[in-house]
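Notes follow the structure.
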Amino acid sequence: MVSVEAVDATTVRVRYDAATPDALEAWRLPIIPRHLAESGVDLLTGAFARHPVGCGPFRFVRYLPGEEIVLEANDDYWGGRPQIDRLEIKIFADQQTAYQALMTGDLDIMVMSSNLWKQASESAVADDLVLTSYKRYAVWVLGWNQNNNPFFGDAGVRRAMVHALDREQFIENVANGMAHLGATTFPPSSAWADPGIEPYGYDPDEAKRLLADAGWVDSDGDGVRERDGERLSFTLLYPTSSQQLTQWMAEWQQQAWNAIGAEVRLEAMEWQAFRERRKSRDFHVVAQTFHLTDPDMTGLYHSDEVDSGFNFWGNQDAETDRLLEAVRYTLDPDERLARMHELQRRLHELEPVTALFFFDAPLAYRRNLEGVRPSPLGFANTTRGPREWRWSGEASR
């Protein structure tokens with residue numbers, strides 16, 4: 001962006017130094033008051049974060065840390081007043097506590113883990129709930145550090161780790177079928193994905209072959225492979241979560257990697273501490289969720305993003321860079337999609353990041369709450385979102 005000019009009271013002219021298909025993406029961000037934006041205080045950590053001011057369909061009322069965020073309908077909203085008078089966003093320490101609130105009627109809508117969703121479908125109040133699920137553009141990934149350790153600089157080793165995981169069985173037995181495999185970080189349910197790319201399947205023999213080809217062998221028979229005197233011993237770093245599924249995934253991966261000759265430690269950290277470790281590239285492999293809003297993944301994979309972007313894994317590949325730039329600057333839709341497919345094939349070959357699972361979002365809400373229409377961005381992040389919600393009949397909150 002080169003300049004922004006207020007032409008008149010209702011017109012803004014923006015000039016860019018290059019035309020891109022996603023130039024308008026930044027304008028999805030809400031408009032905020034100038035005196036707050038120019039205050040010199042970090043908006044995400046200062047007073048604004050605790051008492052935001054905007055121009056949306058709801059007005060901020062209060063935020064009680066660890067308890068709730070309360071919003072009320074904005075009578076002056078340009079798009080029309082919402083039909084819901086008040087939104088109380090409750091904060092729970094864990095999903096089980098939130099689930100109990102849903103069961104007792106103290107909570108009206110909730111995204112939950114698949115095992116809790118199954119419990120809800122068999123509960124005494126199931127008839128009072130709409131139980132559904134939707135696909136999100138969010139992926140649980142494994143990011144392999146290619147720079148600061150001796151293990152994952154080889155693409156064959158990275159692929160070996162994926163082949164060691166029986167992801168289909170995990171989906172069936174642990175996730176209750178509410179997930180799908182990723183071949184790359186391009187969501188398979190999106191129009192961007194190349195349907196011809198198959199995710200790496202469960203093949204422990206292939207995993208062992210790839211490790212041996214890379215020089216990792218168990219020469220002393222202790223169950224752990226070595227190369228040049230270095231043991232295949234690494235740590236899986238992941239953020240703590242209120243969902244038990246996160247811990248189950250970590251333990252499952254640990255067992256699977258142990259079975260092919262790797263010694264794996266698990267380390268869970270609070271989110272802010274996790275971010276600092278990730279930013280400093282002080283990890284072997286990290287696990288986390290990424291939320292994807294557009295197919296421009298320059299920040300995740302481009303060489304220029306290694307030091308200051310989201311390319312924490314240190315992916316540096318000239319062909320990947322070329323294709324990322326083509327996706328970013330190609331305006332013809334068909335040609336752009338073709339470059340996306342090329343990029344996905346290259347990423348699948350290199351496997352700098354493993355798209356482990358695209359989890360479905362199991363959703364439960366009161367049957368008399370109407371207008372809920374989830375999107376790949378979430379159950380509230382739609383064009384109209386909660387301002388379209390309404391209580392049917394005589395129900396009110």
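Side-chain atoms of Arg387 and Tyr77, non-hydrogen and from C-beta on, do get closer than 4.5 Å to each other. Using a 4.5 Å cut-off on side-chain heavy atoms (C-beta onward), Tyr99 and Gln119 make contact. For the pair Val174/Leu245, a side-chain contact is recorded, criterion being any heavy-atom separation below 4.5 Å from C-beta on. Side-chain contact between Trp257 and Met161 is present, with heavy atoms from C-beta onward closer than 4.5 Å.
The structure places CG of Leu324 at 7.5 Å from CG of Asp296, a figure rounded to the nearest 0.5 Å. Interatomic distance, Phe312 CZ to Arg277 CZ, rounded to the nearest 0.5 Å: 13.5 Å. The CG atom of Asn315 lies 7.0 Å from the CG atom of Leu347; values are rounded to the nearest 0.5 Å. For the atom pair Ile109 CD1 and Leu102 CG, the distance stands at 9.5 Å (nearest 0.5 Å).
Between Arg227 and Asp154, no side-chain nitrogen of the basic residue sits less than 4.0 Å from a carboxylate oxygen of the acidic one, so the salt-bridge criterion is not met. Salt-bridge check for Glu319 with Arg346: failed, with every basic side-chain N at 4.0 Å or more from each acidic carboxylate O. Using a 4.0 Å cut-off between a side-chain N of Lys or Arg and a carboxylate O of Asp or Glu, Arg231 and Asp222 qualify as a salt bridge. A salt bridge links Asp108 with Arg366: the closest approach of a Lys/Arg side-chain nitrogen to an acidic carboxylate oxygen falls below 4.0 angstrom. A salt bridge is absent between Glu342 and Arg345: the closest approach of a Lys/Arg side-chain nitrogen to an acidic carboxylate oxygen does not fall below 4.0 angstrom. In this structure, Asp213 pairs ionically with Arg209, as a charged nitrogen and a carboxylate oxygen lie closer than 4.0 Å. A salt bridge between Arg159 and Glu206 is absent, with no side-chain N of the basic residue lying under 4.0 Å from a carboxylate O of the acidic one. A salt bridge is absent between Glu67 and Lys90: the closest approach of a Lys/Arg side-chain nitrogen to an acidic carboxylate oxygen does not fall below 4.0 angstrom.
Side chain of Ser375 to main chain of Leu377: a donor-acceptor pair is present (N/O by atom type, distance under 3.5 Å, no hydrogens or angles). Judged by distance alone, the side chain of Asn149 and the main-chain N or O of Phe151 form a donor-acceptor pair under 3.5 Å. When atom types are taken as modelled, the side chain of Asp17 and the backbone of Val2 share no donor-acceptor pair closer than 3.5 angstrom. In this structure, the side chain of Ser190 engages the main chain of Pro187 through a donor-acceptor pair within 3.5 Å. The main-chain N or O of Phe283 is found under 3.5 Å from a side-chain atom of Asn145 such that the two form a donor-acceptor pair. In terms of modelled atom types and a separation under 3.5 Å, the side chain of Gln344 and the main chain of Met340 share a donor-acceptor contact. In terms of modelled atom types and a separation under 3.5 Å, the side chain of Gln254 and the main chain of Ala250 share no donor-acceptor contact. Remark: side-chain polar atoms of Asp94 are not paired, donor with acceptor, to backbone N or O of Ser242 under 3.5 angstrom. Formation of a donor-acceptor pair under 3.5 Å by the Arg158 side chain with backbone atoms of Leu350 is found in this model. Thr97 contributes no side-chain N or O that, together with a main-chain N or O of Ala93, makes up a donor-acceptor pair within less than 3.5 Å.
Side-chain contact, Tyr63 with Glu68: no donor N or O sits under 3.5 Å from an acceptor N or O. Judged purely by distance below 3.5 Å, without hydrogens or angles, the side chains of Thr354 and Trp144 pair a donor atom with an acceptor atom. Counted by atom type alone, Tyr301 and Thr185 present one or more donor-acceptor pairs between their side chains at under 3.5 Å. Asn115 and Ser113 are linked by a side-chain donor-acceptor pair at a separation below 3.5 angstrom, with hydrogens and angles left out of the test. Remark: the Ser303 side chain and the Asp321 side chain contain an N/O donor-acceptor pair separated by less than 3.5 Å. Side-chain polar atoms of Gln255 and Glu251 form no donor-acceptor pair below 3.5 angstrom.
Residue Leu323 is not grouped with residue Tyr329 when hydrophobic side chains (ILVMFWY) are merged at heavy-atom distances under 4.5 angstrom, including chains of intermediate members.
Taking a 6.0 Å sphere around CZ of Phe310, one finds it holds 12 or fewer heavy atoms contributed by other residues, nucleotides or ligands. Heavy atoms from other residues, nucleotides or ligands lying under 6.0 Å from CZ of Arg81 number more than 12. Heavy atoms of other residues, nucleotides or ligands lying less than 6.0 angstrom from CD of Glu325 number more than 12. Within 6.0 Å of the CG atom in Asp220, the count of heavy atoms belonging to other residues, nucleotides or ligands exceeds 12.
Closest heavy-atom contact between Ala256 and Leu165: CB-CD2, 3.6 Å. Taking all atoms of both residues into account, the shortest heavy-atom contact from Phe58 to Pro82 is CZ-CB, 3.7 Å. Considering all non-hydrogen atoms of both residues, Gln169 and Asp166 come closest at N-OD1, 3.2 Å. Looking at every heavy atom in both residues, Ala126 comes nearest to Ser121 through CB-O, 3.6 Å. When all heavy atoms of Leu232 and Trp216 are compared, the pair lying nearest together is N-CZ3, 3.6 Å. Contact detail for Ala160 and Ala207: the closest heavy-atom pair is O-CB, 3.2 Å.
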Salt bridge (Lys or Arg N to Asp or Glu O under 4.0 Å) assessment of Asp360 paired with Lys135:
CA-CA 5 Å; Asp360 295 344; Lys135 298 187 185 304; 3.4 Å; yes
I would like to know whether Arg390 and Glu388 meet salt bridge (Lys or Arg N to Asp or Glu O under 4.0 Å); could you show each step before the answer?
CA-CA 7 Å; Arg390 59 194 176 277; Glu388 212 173 57; 5.7 Å; no
Test salt bridge (Lys or Arg N to Asp or Glu O under 4.0 Å) applied to Arg336 and Asp22, step by step:
CA-CA 12 Å; Arg336 189 179 192 228; Asp22 299 321; 2.7 Å; yes
Test salt bridge (Lys or Arg N to Asp or Glu O under 4.0 Å) on Asp76 and Arg59; report intermediate values, then the result.
CA-CA 10 Å; Asp76 300 322; Arg59 294 182 184 275; 3.4 Å; yes
Let me see the working for Asp106 and Thr104 under side-chain hydrogen bond (donor to acceptor under 3.5 Å, both in side chains), right down to the final yes or no.
CA-CA 6 Å; Asp106 293 328; Thr104 58; 3.3 Å; yes
After noting the C-alpha distance and the side-chain angles of Leu292 and Met297, does the key distance pass the side chain to side chain contact (heavy atoms under 4.5 Å, CB included) rule?
CA-CA 9 Å; Leu292 310 164; Met297 299 195 184; 4.1 Å; yes
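Here the two rings, on Tyr137 and Trp192, have centers that are under 6.0 Å apart. Between Phe357 and His180, the distance from one ring center to the other does not fall under 6.0 angstrom. Centroid-to-centroid, the aromatic rings of Tyr200 and His348 come within less than 6.0 Å. Between Phe152 and Phe234, the ring center distance clears the sub-6.0 Å criterion. Taking the six-membered ring for Trp and the full ring otherwise, Trp140 and Phe290 have centroids separated by 6.0 Å or more. Between Phe170 and Trp252, the distance from one ring center to the other falls under 6.0 angstrom.
Checking Glu226, Arg265, Arg225, His284 one by one against Ser233, the side-chain hydrogen bond (donor to acceptor under 3.5 Å, both in side chains) holds for a single residue, Arg265. Among Leu131, Val130, Val372, the one residue that satisfies the side-chain contact (heavy atoms from CB on, under 4.5 Å) test with Leu363 is Val372.
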